[in-house]
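Step one of this worksheet: look at the structure below.
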Amino acid sequence: MTLADIEADLLDYADFEQVGSVSRAQSFVTAANRWLILKADSASNQSSSMTIGKNYVSDMLKRAQAFVTANSSTGSVSFLQPGSFFR
């Protein structure tokens with residue numbers, strides 16, 4: 001997986017709130033963590049330099065984590081006794 005692949009995933013899954021998808025938020029968290037590990041703080045050449053928006057990605061990562069926490073079901077599962085539903 002290349003940095004370009006990870007950046008494509010960040011863009012693809014950034015709509016987790018609009019779509020309302022926990023799995024997309026989880027995918028965004030994974031991509032953001034990978035991006036933050038691999039991305040340099042800045043890049044430059046002889047004529048220009050660019051600061052990477054790590055703060056923005058970090059903030060989105062926190063939102064995605066909060067979204068997952070708020071929207072994941074953690075309740076218990078109840079099983080009905082055979083024949084108890086139809087009497």
Side-chain angles (χ1 to χ4, degrees):
M1 177 170 277
T2 67
L3 188 57
D5 294 331
I6 295 167
E7 288 174 340
D9 285 348
L10 283 175
L11 293 174
D12 286 343
Y13 300 123
D15 65 348
F16 63 88
E17 291 168 309
Q18 290 78 17
V19 175
S21 172
V22 171
S23 64
R24 289 182 77 78
Q26 290 169 327
S27 295
F28 184 88
V29 167
T30 300
N33 283 326
R34 289 176 178 165
W35 187 85
L36 288 168
I37 290 167
L38 294 176
K39 194 66 173 172
D41 283 330
S42 64
S44 64
N45 62 24
Q46 293 177 354
S47 62
S48 66
S49 66
M50 182 177 89
T51 301
I52 305 302
K54 279 194 166 185
N55 289 337
Y56 185 76
V57 173
S58 293
D59 290 345
M60 290 253 340
L61 171 61
K62 290 174 189 169
R63 285 177 30 206
Q65 290 169 325
F67 184 90
V68 169
T69 300
N71 293 289
S72 293
S73 75
T74 57
S76 62
V77 175
S78 298
F79 295 96
L80 298 174
Q81 295 291 329
S84 64
F85 188 70
F86 297 104
R87 290 192 185 222

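As a basis for the values below, the full set of heavy atoms in this structure was taken, side chains included, without hydrogen atoms, waters or symmetry mates. Along the sequence shown, the residues carry numbers beginning at 1.
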Checklist entry - Quick one: do Leu11 and Trp35 end up in the same hydrophobic cluster if we chain Ile, Leu, Val, Met, Phe, Trp and Tyr together by side-chain heavy atoms under 4.5 Å apart? => result no
Next on the checklist: Using the rule given for side chain to side chain contact (heavy atoms under 4.5 Å, CB included), can you reason through Asp12 versus Phe28, listing the C-alpha separation, both sets of side-chain angles and the distance that settles it, and then say yes or no?
Outcome noted: CA-CA 8 Å; Asp12 286 343; Phe28 184 88; over 6 Å; no
Next on the checklist: Within the 4.5 Å heavy-atom criterion, are Met60 and Phe16 side-chain neighbours or not?
Outcome noted: yes
Checklist entry - Is the backbone N or O of Lys39 less than 3.5 Å from a side-chain atom of Lys54, with the two atoms forming a donor-acceptor pair by type? => result yes
Checklist entry - Which pair of non-hydrogen atoms, one from Ala31 and one from Ile6, has the smallest distance, and what is that distance? => result O-CG2, 3.3 Å
Checklist entry - Which heavy atom in Val22 sits nearest to a heavy atom in Val68, and how many Å separate them? => result O-CG2, 4.1 Å
Checklist outcome for this item: d(Leu38 CG, Asn33 CG) to nearest 0.5 Å is 11.0 Å
Checklist entry - Just wondering, do Asp9 and Ser27 contact through their side chains at under 4.5 Å, heavy atoms? => result no
Checklist entry - In terms of hydrophobic clustering (I, L, V, M, F, W, Y; side-chain heavy atoms under 4.5 Å; direct or indirect links), are Leu3 and Leu10 co-clustered? => result yes
Checklist entry - Are side-chain N/O atoms of Thr2 and Asp5 paired as donor and acceptor at under 3.5 Å? => result yes
